[in-house]
Every structure is written in structure tokens, then in C-alpha cells.
> 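Sharing a structure below in C-alpha cells format, with a few things to ask.
Values in this document were obtained by computation on a predicted structure and should not be read as measured data.
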Amino acid sequence: MCLLLGAAGVGKTLLVKRLQQLSSRDGKGSLGAPPPTWPTVGTDLTDIVVQRTITIRELGGCMGPVWPSYYGNCRALLFMVDASNPTQLSASCAHLLELLSAEQLAGASFLILFNKIDLPCYMTTEEMKSLIRLPDIIACAKQAITTAEISAHKGTGLAGVLRWLQDTHKTNS
């Protein structure tokens, strides 16, 4: 099981829809216009097929207080950060630290996704890493942590997310 977590409005639902589109095309071809989305209230399960079926459980950003009840079978965790919203960065950092300190997630692999790099006001990954002191967080974490810049809207970087899911699923199977 792969969890998809992040604050409200970071683009989790669009990411899942885009990954589904991309996996159905074997990573080839244009994704076209982004599909419509609306805020997730509760949880959504989506199967992504990359050699094997990987189930992604997306939890709505407003569900932060109950995220721990879903950690049980988590092998991989996608954590999204809105790269265009500097005011949300400190809250995202606090959520990330909570996730990394959760005992049930000690064996999970983490992919931190800096989304919305297509917007003119986005912070670079280096700026965000520096602001939240990500190198220090990675050095102290028990988990394997990878980062990626993406645009769920345009599809930028999503083939890499699929590869990470595939590789992580193989490693953790």
C-alpha cells in the first residue's frame, strides 16, 4: 500500500489521476488537458499499473489528525508540498516530521513531491530544502527519502514518480 499525503490544495487528486493516465499509456504520449478535480473528503483508493498493480490511498488534507490510523500497511509514502505556496511550507514541514517520527512508518520509503513547479511564483527545490532544513531531516531519518520536482498539471516529472513507485514496490515486496 502506498499513502499519498499532503496539505489541502497541494494537488494530490490531480497527481493520482495523471499517474493513472500515464500508466495506461506506458509513460508515452501527451496527457492532454488536466481532468477536473475537487477536494478529497475522506479517502480514495486508486490502482496504478506499472508491471504490477500498486494501490495508492489518498487521504484528504483536512484529515491530518486521523492520518496515523492509515499507516499500518504502508510500504511507500508520497508526500506532496505546494512549491508555489511559501506560507504553507512550515506546516508541511511539521507534517513531514510527524510522519518520519511515526513508528509504523519506520520501514516505509518516502518520496517528497514539490508540486506546482509550472506556476511562475514557485520556490525552487533548493530554496524549499534550505527553508525546511531537508538535508538535516534526511540525515536523521530512519527512512529512505527521495525528492522530486513535479507539475501534476502539466505532467512534468510524473514518469519519474511512476519509476519510483515501481522500484519501491519491487524492493518492498
> Atom CG of Leu165 and atom CG of Leu19: how far apart are they, to the nearest 0.5 Å?
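Nearest 0.5 Å value for the CG-CG distance: 6.5 Å.
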> If you round to the nearest 0.5 Å, how far is OG of Ser109 from NE2 of His169?
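Going from the NE2 atom of His169 to the OG atom of Ser109 covers 12.5 Å.
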> With rounding to the nearest 0.5 Å, note down the distance linking CG in Leu3 to OH in Tyr71.
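One gets 8.0 Å once the value is rounded to the nearest 0.5 Å.
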> Please name the pair of heavy atoms, one in Ala108 and one in Ala76, separated by the smallest distance, quoted to 0.1 Å.
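Heavy-atom minimum between the residues: CB-N, 4.4 Å.
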> Contact between Asp47 and Ile54 at the side-chain level, heavy atoms closer than 4.5 Å - yes or no?
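The answer is no, as the side chains (C-beta and beyond) never meet within the 4.5 Å cut-off.
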> Say whether Met63 and Met80 are linked into one hydrophobic cluster, either directly or through other cluster members, by side-chain heavy-atom distances under 4.5 angstrom.
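They do not share one cluster, since no chain of ILVMFWY contacts under 4.5 Å joins Met63 to Met80.
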> Does Ile138 share a hydrophobic cluster with Leu105, counting links as ILVMFWY side-chain heavy atoms below 4.5 Å and allowing steps through other members?
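Yes, because Ile138 and Leu105 connect within a single hydrophobic cluster, where side-chain heavy atoms sit under 4.5 Å apart.
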> Answer whether the closest heavy-atom distance between the side chains of Ile117 and Thr156 falls below 4.5 Å.
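Answer yes - side chains close enough.
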> Can you name the nearest heavy-atom pair linking Val161 to Leu113, along with the distance?
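Heavy atoms only, the tightest pair is CG2-CD2, 3.7 Å.
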> For Thr147 and Phe114, run side-chain contact (heavy atoms from CB on, under 4.5 Å): C-alpha distance rounded to whole Å, both residues' side-chain angles, the deciding distance at 0.1 Å, then the answer.
CA-CA 8 Å; Thr147 62; Phe114 297 109; 3.9 Å; yes
> Taking the side chain as every heavy atom from C-beta outward, state whether Thr55 and Cys2 have any atom pair closer than 4.5 Å.
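When only atoms from C-beta onward are counted, Cys2 and Thr55 do not touch, as no gap falls below 4.5 Å.
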> Any donor-acceptor pair under 3.5 Å linking the side chain of Ser101 with the backbone of Leu97?
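Present.
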> Counting distance only, does the side-chain N/O of Gln143 pair as donor-acceptor with the main-chain N or O of Leu100 below 3.5 Å?
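Answer holds: yes.
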> How many angstroms lie between CG in Leu4 and CG in Asp44, if you round to the nearest 0.5 Å?
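Taking CG in Leu4 and CG in Asp44, the distance rounds to 10.0 Å.
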> For the residue pair Asn115 and Leu15, establish whether any side-chain heavy-atom pair is separated by less than 4.5 Å.
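They are not in contact (no side-chain heavy atoms under 4.5 Å apart), so the answer is no.
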> So which atom in Pro65 and which in Pro68 form the shortest heavy-atom distance, rounded to 0.1 Å?
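Looks like O-CD, 3.7 Å.
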> Would you mind telling me which of Ile112, Thr125, Val10 makes a side chain to side chain contact (heavy atoms under 4.5 Å, CB included) with Val81?
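Answer to the side chain to side chain contact (heavy atoms under 4.5 Å, CB included) test with Val81 among Ile112, Thr125, Val10: Ile112.
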> So, the side chain of Gln88 versus the backbone of Asn85: is there a donor-acceptor pair under 3.5 Å, distance only?
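Side chain of Gln88 to backbone of Asn85, a donor-acceptor pair under 3.5 Å: no, none is there.
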> Verify the cluster assignment for Ile145 and Leu77: are they in a single hydrophobic cluster under the rule of side-chain heavy atoms below 4.5 Å apart?
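Yes; tracing contacts between hydrophobic side chains, which count when under 4.5 Å, links both residues.
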> Once rounded to the nearest 0.5 Å, what's the spacing between atom OG of Ser84 and atom CG of Asp82?
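Ser84 atom OG to Asp82 atom CG measures 3.5 Å (nearest 0.5 Å).
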> Taking all non-hydrogen atoms of both residues, which atom of Met123 and which atom of Met128 are closest, and how far apart?
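Smallest interatomic distance, heavy atoms only, reads O-CE, 3.4 Å.
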> Can you name the closest pair of heavy atoms from Cys62 and Thr40 and give their distance?
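Reported closest heavy-atom pair: SG-O, 4.4 Å.
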> Hey, is Lys116 close enough to Glu149 for a salt bridge, meaning N to O under 4.0 Å?
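No, this pair does not count.
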> What I want to check is whether the side chains of Arg18 and Gln21 have a donor and an acceptor closer together than 3.5 Å.
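Checked: Arg18/Gln21 side chains pair up, N/O donor to acceptor below 3.5 Å.
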> Rounded at 0.5 Å granularity, tell me how far CG in Leu14 sits from OG in Ser151.
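One finds 8.0 Å between CG of Leu14 and OG of Ser151.
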> Would you please test Asn73 and Arg75 for side-chain contact (heavy atoms from CB on, under 4.5 Å) and show each step?
CA-CA 6 Å; Asn73 294 324; Arg75 298 176 181 188; over 6 Å; no
> Please check if Leu78 and Phe110 belong to a single hydrophobic cluster, counting links between Ile, Leu, Val, Met, Phe, Trp and Tyr side chain heavy atoms closer than 4.5 Å.
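Different clusters.
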> Under 30°, 30 to 60°, or over 60°: which ring-plane class applies to Trp67 and Phe79, parallel, tilted or perpendicular?
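Answer is perpendicular, since the angle exceeds 60°.
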> Taking the side chain from Ser23 and the backbone from Gln20, do they hold a donor-acceptor pair closer than 3.5 Å?
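It does hold such a pair.
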> Is Val49 reachable from Leu22 through a run of hydrophobic residues whose side-chain heavy atoms are each under 4.5 Å from the next?
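Not linked; separate clusters.
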> Mark yes or no: Lys170 above the aromatic ring of Trp164, with NZ or CZ under 6.0 Å from the six-membered ring centre and no more than 45 degrees from the axis.
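Judged by the rule, Lys170 and Trp164 form no cation-pi pair.
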> Below 4.5 Å, heavy atoms only, C-beta onward: do Leu134 and Leu96 meet side chain to side chain?
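Yes - at least one pair of side-chain heavy atoms lies under 4.5 Å apart.
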> Between Lys12 and Ala7, which heavy-atom pair has the shortest distance, and what is it?
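Scanning both residues, the minimum pair turns out to be NZ-O, 2.8 Å.
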> Could you tell me whether a side-chain N or O of Glu58 sits under 3.5 Å from a main-chain N or O of Leu45, the two making a donor and an acceptor?
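No; zero donor-acceptor contacts below 3.5 Å.
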